[in-house]
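Step one of this worksheet: look at the structure below.
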Number of protein chains: 2
Amino acid sequence: MADITKQKVVEQLKGAGVSPSEQRIAVFSFLHQNHIHPTADTIYQRLSPDYPTLSKTTVYNTLKLLVAKCLIQVVAIEDGELRFDVNTDFHAHFKCRECLEIIDLFDIPELQCPMETQLIAESTQLNFYGICDQCKGKQEEQS
Amino acid sequence: MADITKQKVVEQLKGAGVSPSEQRIAVFSFLHQNHIHPTADTIYQRLSPDYPTLSKTTVYNTLKLLVAKCLIQVVAIEDGELRFDVNTDFHAHFKCRECLEIIDLFDIPELQCPMETQLIAESTQLNFYGICDQCKGKQEEQS
DNA sequence: TTAAAGATTTGTTATCATTACAATTTTCGG
DNA sequence: CCGAAAATTGTAATGATAACAAATCTTTAA
Ligand SMILES: [Mn+2]
Ligand SMILES: [Mn+2]
Ligand SMILES: [Zn+2]
Ligand SMILES: [Zn+2]
């Protein structure tokens, strides 16, 4: 589960000019260790037991800071909830409408706007929506 | 501006099993005549003068109904606001971070999930974010 | 060491889009 | 025309996020 040391996390924060507070390390580490594209609330819920004084505001502030420093990216795959991803390289996402899980799709090349539009994309989101294999399997069982 | 007759709008609604009330015709016509990917609130603001009794709830209800009947599509390009589009064919969108306008990009072929994932996408959203030509021009003037 | 300044965290309150709900109005078959 | 069903409306509730100011922690310089 721990695919990155606390040392590395602290180094990354310092490298981006972010002072590595206990809370920031916790949030950033959580994202490093759980590639589940969590919402701010999920992060808060999961960290609360280990950091009883943690405030939800701090989670929001930290996420905003990490995004501003390009240490994480926002995944806007569904309205009404922002999700966060330590992987800042371009990759697509698939959201299952049954289990709501978000699956990474790495084998799609980064897209550009058509030449003739003259538009330059600073960032791109490619989102697919459907039913994942697991949930499809369960549905077929029942019928 | 009026690129579609009221007759045609009514026919489309009936064809989808939606009774063509005054309000539904107004909302659907607005989307047909204004390809600006408006939010529910924008639609409400723009129709209010002509339909003084129109309720925002009706706008939301109507949009939800039109989406359910596949007469329009949701464009989830930014968190916290849903946008609506009469064009239900696949096409990408570019949102300018300066003027906030959303530009249609038609010349991109519909994408599929990579074969090996076995995933079937029921819908796809491809969103680009950057600065549009107009806003880029204005910025260069100043500098 | 110490105290002020600055940075960070926290709890509470505000905001804003959307939904839930119940009452009112409109439509339509008999 | 009458009453059921459908549609609309206004208001209240929800839920994610932001604003804000007070409290706490950290750093700096005397
Ligand atoms: Mn991802
Ligand atoms: Mn469009
Ligand atoms: Zn699933
Ligand atoms: Zn622009």
Practice problem: Could you check whether B:Thr39 gets within reach of a base, just the sugar-phosphate, or nothing at all, counting any heavy atom under 4.0 Å? | Solution: nothing
Exercise. Using a heavy-atom cut-off of under 4.0 Å over every strand shown, decide if B:Asp41 touches base, sugar-phosphate, or nothing.
Key: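 Result for B:Asp41 = nothing.
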Run the salt-bridge test on [X] and [Y] with the 4.0 Å N-O cut-off and return the result as yes or no.
X: B:Glu81; Y: B:Arg83; answer: yes
X: B:Lys95; Y: B:Glu78; answer: yes
X: A:Glu122; Y: B:Arg97; answer: yes

Quiz item: Regarding B:Arg24 and B:Ser19, is there a side-chain donor-to-acceptor distance under 3.5 Å anywhere?
Solution: yes
Is the shortest side-chain N/O distance from [X] to OP1 or OP2 of [N] below 4.0 Å?
X: B:Ser19; N: D:dA7; result: yes
X: A:Thr53; N: C:dT10; result: yes
X: B:Lys64; N: C:dT19; result: yes

Exercise. Kindly say whether, by distance alone, the side chain of B:Thr57 makes a donor-acceptor pair under 3.5 Å with the base of D:dT11?
Key: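 Result: at least one qualifying N/O pair found.
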Nearest whole angstrom, please: distance from the [atom2] of [N] to the [atom1] of [X].
X: B:Lys56; N: D:dT9; atom1: NZ; atom2: C1'; answer: 14 Å
X: A:Asp79; N: D:dT17; atom1: CG; atom2: P; answer: 10 Å
X: A:Arg83; N: D:dT17; atom1: CZ; atom2: P; answer: 10 Å
X: A:Leu63; N: D:dA18; atom1: CG; atom2: P; answer: 10 Å

Which nucleotide in [options] has an atom nearest any side-chain atom of [X]:
X: A:Asn61; options: D:dA6, C:dT9, C:dT18; answer: C:dT9
X: A:Gln23; options: D:dT9, C:dT8, C:dT9; answer: C:dT9
X: A:Thr58; options: C:dT9, D:dA7, C:dT18; answer: C:dT9
X: B:Tyr60; options: C:dT18, D:dA18, D:dA7; answer: C:dT18
X: B:Arg24; options: D:dA7, C:dT18, C:dT8; answer: D:dA7

Exercise. Please find out if less than 6.0 Å separates the ring center of A:His35 from that of A:His37.
Key: no
